[in-house]
Amino acid sequence: MIFDGLDADLDRVSGTVSASLGRLGATPTWTRHPDTTHYAASMMKVAVLVALYRIVEAGHLDQDSAVPVRNEFDSARPGAARFSCARHYDNDDAVWARVGDTAPLRWLAEHMITRSSNLATNLLLDRVGLPAVADAWARGGARHSVTGRGIEDFAARAAGITNLVTAADLAALLGNLALGATQPGPLAAPESCAAMLDILTGQEHREDLAAGLPAGTRIAHKNGWVRGVRHSAGIVYPDDAPPYVIAVCTTADPTDASPDDDACQLIADISARAFAQRHQLG
């Protein structure tokens with residue numbers, strides 16, 4: 001197998017590394033613990049994006065309508081007090097600058113993905129609802145991923161309500177999104193899928209999967225991280241080979257104090273090795 005050496009290297013890494021890699025529309029060429037669940041971090045934002053576009057297509061929301069930007073949300077835990085996001089824990093001051101004002105749904109969606117804004121995510125989740133996000137996962141082919149609460153809903157977290165992903169589910173969701181841009185599929189109309197891919201292509205956090213690719217290589221991707229967790233998944237479009245889907249999830253051993261830079265480099269290395277094998281995939 002072309003990735004035997006990579007598996008041997010990953011066996012020496014502390015913690016859990018899961019992955020799925022394969023040509024778009026084909027059975028994965030290489031997987032590693034693909035159905036192991038990891039805390040989702042910001043990867044759940046892709047399913048929120050799909051849910052938004054589906055609801056817009058159904059005519060229930062207008063992407064260009066302005067919605068109030070506030071920092072107070074209902075908890076997923078019944079009876080719990082409303083919760084707020086912490087500004088220092090976010091990645092995008094632009095959304096916070098609009099608190100007390102309004103912002104278009106389309107703009108919030110872009111900032112949720114390209115800058116990974118937590119505040120934008122909770123505002124959108126408040127609009128689309130958790131059932132719509134669950135439906136997006138299911139339609140995308142996910143079997144184990146769950147979005148049970150908003151970001152920083154600590155009361156829900158304490159009650160065991162959480163957000164989970166697997167490498168296989170992320171690869172399936174993104175693969176269906178990419179295929180859906182070229183032909184009718186289960187997620188949304190081709191024009192909607194193409195618009196979502198454009199947003200994912202605008203990702204500004206490029207220190208993991210994108211860092212392992214030659215400069216200028218198109219990748220539509222999302223990453224997510226919290227202490228001890230680093231994930232990244234996307235569709236890579238080489239100039240000289242068919243597109244492929246890659247998803248890598250890493251959860252460190254609880255005793256491992258390695259910096260996030262190490263996890264980024266690990267994912268970048270996997271990405272580079274996948275790109276080097278792009279002609280042999282599936």
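Residue numbers run from 1 in the order of the sequence given.
With respect to the salt-bridge test (charged N to carboxylate O, under 4.0 angstrom), the residues Arg106 and Asp62 do not qualify. Between Arg98 and Asp93 there is no salt bridge, since no side-chain N of the basic residue sits under 4.0 Å from a carboxylate O of the acidic one. Between Asp240 and Arg278, at least one side-chain nitrogen of the basic residue sits less than 4.0 Å from a carboxylate oxygen of the acidic one, meeting the salt-bridge criterion. The pair Asp260-Arg227 does not count as a salt bridge, with every side-chain nitrogen at least 4.0 angstrom from each carboxylate oxygen. Taking a cutoff of 4.0 Å between a charged side-chain nitrogen and a carboxylate oxygen, Arg273 and Asp269 do not qualify as a salt bridge.
Taking the side chain as every heavy atom from C-beta outward, Val236 and Thr217 approach each other to under 4.5 Å. For the pair Ile270 and Trp30, the minimum side-chain heavy-atom distance is below 4.5 Å. The shortest side-chain heavy-atom distance between Leu123 and Arg70 falls under the 4.5 Å cut-off. Side-chain atoms of Leu105 and Asp64, non-hydrogen and from C-beta on, never get closer than 4.5 Å to each other. Within the 4.5 Å cutoff, side-chain heavy atoms of Tyr89 are placed close to those of Val226. Looking at heavy atoms from C-beta onward, Tyr53 lies out of side-chain contact with Cys193 at the 4.5 angstrom threshold. Between Val146 and Thr162 there is no side-chain heavy-atom pair separated by less than 4.5 Å. Using a 4.5 Å heavy-atom threshold, the side chains of Thr29 and Gln277 count as separate.
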**OP:** Test Glu207 against Arg230 for side-chain contact (heavy atoms from CB on, under 4.5 Å), laying out the working first.
**Re:** CA-CA 11 Å; Glu207 58 272 21; Arg230 185 83 193 195; 2.7 Å; yes
**OP:** Could you go through the side-chain contact (heavy atoms from CB on, under 4.5 Å) check for Arg54 and Arg139 one step at a time?
**Re:** CA-CA 11 Å; Arg54 287 186 54 76; Arg139 288 177 178 275; 3.0 Å; yes
**OP:** Begin with the C-alpha distance, continue with both residues' side-chain angles, and end with the deciding distance and a verdict on side-chain contact (heavy atoms from CB on, under 4.5 Å) for Leu173 and Leu187.
**Re:** CA-CA 9 Å; Leu173 181 64; Leu187 292 180; 4.1 Å; yes
**OP:** May I have the step-by-step check of side-chain contact (heavy atoms from CB on, under 4.5 Å) for His33 and Thr166, ending in yes or no?
**Re:** CA-CA 9 Å; His33 309 312; Thr166 72; over 6 Å; no
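If you take CG on Leu108 and CD on Glu110, they are separated by 9.5 Å, rounding to the nearest 0.5 Å. Here the OG atom belonging to Ser75 is positioned 6.5 Å from the CD1 atom belonging to Ile161, to the nearest 0.5 angstrom. Summarising the geometry, atom CD1 belonging to Ile235 is positioned 9.0 Å from atom CG belonging to Leu179; distances are rounded to the nearest 0.5 Å. Interatomic distance, CD1 of Ile55 versus CG of Asp135, reported as 9.0 Å (0.5 Å rounding). Rounding to the nearest 0.5 angstrom, the gap separating the CD1 atom in Ile199 from the NZ atom in Lys222 is 12.5 Å. Between atom CG of residue Leu119 and atom CG of residue Leu124 there is a gap of 9.5 Å, rounded to the nearest 0.5 Å.
Between the side chains of Asp92 and His111, at least one donor N or O lies within less than 3.5 Å of an accepting N or O. Trp96 and Asp90 share a side-chain donor-acceptor pair at under 3.5 Å. Side chain to side chain, Ser192 and Glu57 meet the donor-acceptor criterion of an N or O pair below 3.5 Å.
In terms of hydrophobic clustering, with Ile, Leu, Val, Met, Phe, Trp and Tyr side chains grouped at heavy-atom distances under 4.5 Å, Ile113 and Trp225 are assigned to different clusters. Val248 and Tyr244 fall within the same hydrophobic cluster, defined by Ile, Leu, Val, Met, Phe, Trp and Tyr side-chain heavy atoms under 4.5 Å apart, directly or through other members. Hydrophobic clustering of Ile, Leu, Val, Met, Phe, Trp and Tyr side chains at less than 4.5 Å, counting indirect connections, unites Trp107 with Val128. Both Leu197 and Met112 are assigned to one and the same hydrophobic cluster, defined by single-linkage of ILVMFWY side chains at heavy-atom distances under 4.5 Å. Phe73 and Leu52 end up in the same hydrophobic cluster when Ile, Leu, Val, Met, Phe, Trp and Tyr side chains are linked at under 4.5 Å.
Relative to the six-membered ring of Tyr237, Arg218 meets both conditions, a distance below 6.0 Å and an angle of at most 45° to the axis.
Pairing each heavy atom of Pro243 with each of Pro238, the nearest pair is CA-CD, 4.1 Å. Heavy-atom minimum distance, Arg23 versus Leu281: CZ-O, 2.8 Å. Annotation for Ala158 and Arg77: closest pair CB-NH1, 4.5 Å, computed over non-hydrogen atoms. Nearest heavy atom pair, residue Thr201 against residue Ala220, reads OG1-CB, 3.5 Å. Summarising the geometry of Ala80 relative to Ala155, their closest heavy-atom pair is CB-CB, 3.8 Å, with the distance given to 0.1 Å. Pairing each heavy atom of Leu170 with each of Ala233, the nearest pair is CB-CB, 4.0 Å.
Side chain of Glu152 to main chain of Ala86: a donor-acceptor pair is present (N/O by atom type, distance under 3.5 Å, no hydrogens or angles). Using a distance-only test at 3.5 Å, with no hydrogens or angles considered, no donor-acceptor pair links the side chain of Ser271 to the main chain of Ile267. No donor-acceptor pair closer than 3.5 Å links the side chain of Asp208 to the backbone N or O of Ser232. Of the possible donor and acceptor atoms, one in the side chain of Asn122 sits under 3.5 Å from a partner among the backbone N and O of Ile151. In this structure, His231 contributes its side chain and Thr250 its backbone to a donor-acceptor pair below 3.5 Å. With hydrogens and angles ignored, the 3.5 Å screen pairs no side-chain donor or acceptor of Thr31 with any backbone N or O of Pro34.
By the 6.0 Å contact criterion, CG on Asp239 is open, its count of non-hydrogen atoms from other residues, nucleotides or ligands being 12 or less.
For Ser14, the side-chain hydrogen bond (donor to acceptor under 3.5 Å, both in side chains) partners two or more places apart in sequence, or in a different chain, are Asp256.
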Donor-acceptor pairs under 3.5 Å, side chain of residues 37-51 to any protein atom, not counting sequence neighbours: which ones?
{"residue": "His38", "atom": "ND1", "partner": "Thr251", "partner atom": "OG1", "Å": "2.6"}
{"residue": "His38", "atom": "NE2", "partner": "Ser18", "partner atom": "OG", "Å": "2.8"}
{"residue": "Tyr39", "atom": "OH", "partner": "Arg149", "partner atom": "NH2", "Å": "3.3"}
{"residue": "Ser42", "atom": "OG", "partner": "Lys45", "partner atom": "NZ", "Å": "2.9"}
{"residue": "Ser42", "atom": "OG", "partner": "Ser116", "partner atom": "OG", "Å": "3.2"}
{"residue": "Lys45", "atom": "NZ", "partner": "Ser116", "partner atom": "O", "Å": "2.8"}
{"residue": "Lys45", "atom": "NZ", "partner": "Ser116", "partner atom": "OG", "Å": "2.9"}
{"residue": "Lys45", "atom": "NZ", "partner": "Asn118", "partner atom": "OD1", "Å": "3.0"}

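Exactly one residue among Asn71, Asp74, Asp153 makes a side-chain hydrogen bond (donor to acceptor under 3.5 Å, both in side chains) with Arg82. That residue is Asp74.
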